[in-house]
Amino acid sequence: MTYTDQIQLFYAFAIQHPLLKTRSWGNLSDYSREDYITEYPAIHCVPQPSSIDNTYTTFNWTIMIYDLLNEFVGVEAQSNQLDSLSLCHEILNDFYAFFTNQLTGCGFYLQQPVQFSPFIDRFKEAVVGVEANITIIAEQTACLPDNPNLCYTSV
């Protein structure tokens, strides 16, 4: 399993989910600086430091699901903060179920439980959503020859 495989799996979820309008990945510092997202809710995947062990690779990601924040100061009845946060939480639940089902019997899995935090942030637009930290454990599949010297020839 590679980063490309994982991004494709994230995007497969986003394409199949009827509410998600925009999908992206990459460093958060580069996100929404030049390109202006106009369709919400959105999902953004940020690769995090990961590790390789003898028998598996641990891939860490931050998954952000968010919607526009239409905050009307002093008029709480017109605020969508809680509605947007609830919607993003439901999308995260769907993501978790989709991802867990896709990984059944494939030699890799989503580490449980998934921790998440609600957030409000300002990119080019004010947004509200959930940020989840996920870990994907992938078994090593590299085959090593019985005699490592066979791989090298002396000149």
Roughly how far, to the nearest 0.5 Å, is the CH2 atom of Trp25 from the OH atom of Tyr3? 9.5 Å
Any non-hydrogen side-chain atom of Phe95 less than 4.5 Å from a side-chain atom of His17? no
What heavy-atom pair brings Pro41 and Leu87 nearest, and what distance separates the two atoms? CG-CD2, 3.7 Å
Output, in order, the C-alpha distance, side-chain angles, deciding distance and verdict of side chain to side chain contact (heavy atoms under 4.5 Å, CB included) for Tyr40 and Val127. CA-CA 9 Å; Tyr40 290 92; Val127 295; 3.9 Å; yes
Enter the distance from Ile43:CD1 to Lys21:NZ here, rounded to the nearest 0.5 Å. 14.0 Å
Set of side-chain hydrogen bond (donor to acceptor under 3.5 Å, both in side chains) partners for Glu90, sequence neighbours left out: none
Compare all side-chain heavy atoms of His89 with those of Phe116 and state whether any distance is below 4.5 angstrom. yes
Report the distance from atom CD1 of Ile137 to atom OG1 of Thr58, rounding to the nearest 0.5 Å. 3.5 Å
Interatomic distance, CD@Glu131 vs CD1@Ile63, rounded to 0.5 Å, equals 10.0 Å
Applying a strict under-4.5 Å side-chain criterion to I, L, V, M, F, W and Y, I'd like to know whether Ile136 and Ile52 cluster together. no
What's the separation between atom CD in Gln48 and atom CG in Asn133, rounded to the nearest 0.5 Å? 7.0 Å
Is the shortest heavy-atom distance from the side chain of Ile15 to the side chain of Arg23 under 4.5 Å? yes
Between atom NE2 of His44 and atom OG1 of Thr22, what is the distance when rounded to the nearest 0.5 Å? 12.0 Å
Under 3.5 Å side-chain donor-acceptor pair for Tyr96 and Asn93: no
Pairwise side-chain contact, Phe59 with Ile134, heavy-atom cut-off 4.5 Å (strictly under): no
Can you confirm whether Pro49 sits close enough to Asn60 that some side-chain heavy atom of one is under 4.5 Å from a side-chain heavy atom of the other? no
Could you pull out the closest heavy-atom pair between Ile91 and Phe13, with the gap in Å? O-CZ, 3.7 Å
Are any of the side-chain heavy atoms of Tyr66 and Val130 separated by less than 4.5 Å? no
What donor-acceptor contacts under 3.5 angstrom involve side-chain atoms of residues 4-11, with partners at least two apart or in another chain?
unit_1, atom_1, unit_2, atom_2, d
Asp5, OD2, Thr2, N, 3.0
Asp5, OD2, Thr2, OG1, 3.2
Gln6, OE1, Trp61, NE1, 2.5

